[in-house]
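Take a look at the following structure, please.
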Number of protein chains: 2
Amino acid sequence: MAIVERKDRELHAKHAARAHDQRERILDAARRIVMREGLAALSMRKIADAIGYSPASLYLYFAGRDEIAEALGREGYAQLLAQLEPLTLIADARERLHALAHAYVAYGCDHPQTYELIFMAHKARSEHVGPAARRQRNALDAADAAGAPEAGAALACGVQLFAATLSVLTPASGARIDCAVLAQTLWATLHGVVMLTLARAGSQHVAPGLLIDTTLDAWFGARAAAATSPTAQAPGLAS
Amino acid sequence: MAIVERKDRELHAKHAARAHDQRERILDAARRIVMREGLAALSMRKIADAIGYSPASLYLYFAGRDEIAEALGREGYAQLLAQLEPLTLIADARERLHALAHAYVAYGCDHPQTYELIFMAHKARSEHVGPAARRQRNALDAADAAGAPEAGAALACGVQLFAATLSVLTPASGARIDCAVLAQTLWATLHGVVMLTLARAGSQHVAPGLLIDTTLDAWFGARAAAATSPTAQAPGLAS
DNA sequence: GTCTATATACTGATAGAC
DNA sequence: GTCTATCAGTATATAGAC
């Protein structure tokens, strides 16, 4: 009996590992497609072609296209947080906030497709969808209820990163401002900068880095110049 | 000869007017669909069904779906500007800026589909598209070159509205800031507030009006209270 | 001018053979 | 577990009859 149980366990573990590997293969292919052609171009057929599967087989590992996209979004969000987190170690609050803000926008501008994926989860849920997608959505909602982190909560957790730093800074204006609200406001600004930069809106375009600096300067006054290297900023952004 | 010419002119005018009417009918139907079901649900079939046409007939008046969507976007932008323009008459600069900012965000939040249309033109041009859409795009670019206002330039013109007001206000911080850059920054913030509000991102959501007030307070200090009606703000936003 | 009919190329998703 | 074959849609776009 013990032998049978052990064999059974091993078999299950093997299957689980294999299933996990297949999910990874699918996600890898999906990620490549989204990076190359954008989220809108992601389809089950393309993923299947990329890994030499039939479209039908994908449904053994994912409930549907939306679940794959959501998994990619979660990945992207973790990646964004991973880039921001080490910056919280910067001692000077002013510099820390500066670095966080620039890094956030740099990430969004450097990885537009990933950034889109991160915010897609919200839109997908509030949009009108066809009957098939609706069925799919119900399945996803059930998965959420079962313990998967809700995307809104995940994003809010990112805002905490800013709130902690903002709490030890005082605006140049005399206004007393709730630092949680200030964090949301800053986040909105950064999000807006990313969106406008990606949309290339406004013919005479202002560099995203300058927009961030302008906001922080308007809030807290110009930074003490020269004390720190003025060009040491997040990569990918000429400010 | 004169009679023939006149008849010819009349005939042309009649045809042009009729074509214009048909375009309007098509745009009306398209607008209704977008308002009800979102931009993604806009299709030639649905428009044709709505006005009792065959899909083929629509191609007599528009080059394709994208041209219809772009026309709607232009309409929406004009509508947005029309709502902002009267506010430029407010005498007090501080109040004027406040009213403009709230009205901008209110418009975006109250008309999410129209707001999406306004910004869609940019995305559509920078995204990967199929061969048919590419052909279509070339036609549109040609139309632009022929004199149609470019969407980027149009949006930039909206920013001028803010720049004019910002030029007569001084930030609470001592920082000297280019008012054109400040206008772009404010615009980014307002755009971000709209986007985040529409995405309902962040579980514990902060009211959009509060985010705007927080930005303006951080920039220029808290408003002189009580002097003006504190609740007289743009419609649709409980701040 | 408007239609029907059709071409072409997709999509997500499923049933059932192997 | 994977496949083929297919369903039931979607789309843009065009040719040719009336």
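Remember, it's a predicted structure, so these values are computed and weren't measured experimentally.
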Calculate the interatomic distance between B:Glu67 atom CD and D:dT12 atom C1'; express it in whole Å. 14 Å

Go through D:dT4, C:dT4, C:dG1 for me and flag the one nearest to the B:Ser54 side chain.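 My answer, after comparing the listed nucleotides, is C:dT4.
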
Does any non-hydrogen side-chain atom of B:Tyr104 lie less than 4.5 Å from one of B:Ile212?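 They are not in side-chain contact.
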
Separation of C:dC3 P from B:Tyr59 OH (nearest whole Å): 14 Å

Look at the side-chain N and O atoms of A:Arg65 and state whether any lies under 4.0 Å from the OP1 or OP2 oxygen of C:dA13.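 No, no such contact exists.
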
When you get a sec, tell me which of D:dT14, D:dA11, D:dC3 is the closest nucleotide to the side chain of B:Ser43?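 Output: D:dA11.
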
Specify the separation, in whole Å, of atom CZ of A:Phe62 and atom P of C:dG12.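 It is 14 Å, rounded to the nearest whole Å.
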
Spacing of B:Leu58 atom CG relative to D:dA13 atom C1', expressed in whole Å: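 The answer, rounded to whole Å, is 11 Å.
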
Side-chain contact check for A:Arg18: nearest option of D:dA11, D:dG1, C:dG1 is D:dG1

Using whole Å, report how far CG of A:Leu60 lies from C1' of D:dT4.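 Computing the A:Leu60:CG to D:dT4:C1' distance gives 14 Å.
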
Do B:Tyr115 and B:His111 have ring centroids that are under 6.0 Å from one another? no

What is the distance, rounded to the nearest whole Å, between atom NZ of A:Lys46 and atom P of C:dA9?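 Distance check: A:Lys46 NZ to C:dA9 P gives 14 Å.
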
Please report the interatomic distance CD1(B:Ile26) to CD(B:Glu24), rounded to the nearest 0.5 Å.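 Going from CD1 on B:Ile26 over to CD on B:Glu24, the span is 10.0 Å.
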
Angle between ring planes, B:Tyr61 versus B:Tyr53, binned at 30° and 60°: parallel, tilted or perpendicular?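 Judged by the thresholds at 30° and 60°, the geometry between B:Tyr61 and B:Tyr53 is tilted.
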
Ignoring backbone atoms, establish whether B:Tyr53 has a side-chain N or O less than 4.0 Å from OP1 or OP2 of C:dT2. yes

OP1 or OP2 of D:dT2 versus the side-chain N and O atoms of A:Gln22: is any pair under 4.0 Å?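 Looking at the OP1 and OP2 atoms of D:dT2, one of them is under 4.0 Å from a side-chain N or O of A:Gln22.
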
Could you state the atom-to-atom distance from CZ of B:Arg23 to P of C:dG1 in whole Å?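 Computing the B:Arg23:CZ to C:dG1:P distance gives 14 Å.
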
Expressed as a whole number of angstroms, how long is the span from B:Tyr61:OH to D:dA13:P?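 Atom OH in B:Tyr61 sits about 18 Å away from atom P in D:dA13.
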
Remember a base hit wins even if backbone is also touched, and classify B:Ser57 as base, sugar-phosphate or nothing at under 4.0 Å, heavy atoms. base

Kindly point out which of C:dG12, D:dT2, D:dA15 is positioned nearest to the side chain of B:Ala56?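 Of the options given, the side chain of B:Ala56 lies nearest D:dA15.
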
Nearest heavy-atom pair of A:Ala41 and A:Lys46: which atoms, and what distance? O-NZ, 3.2 Å

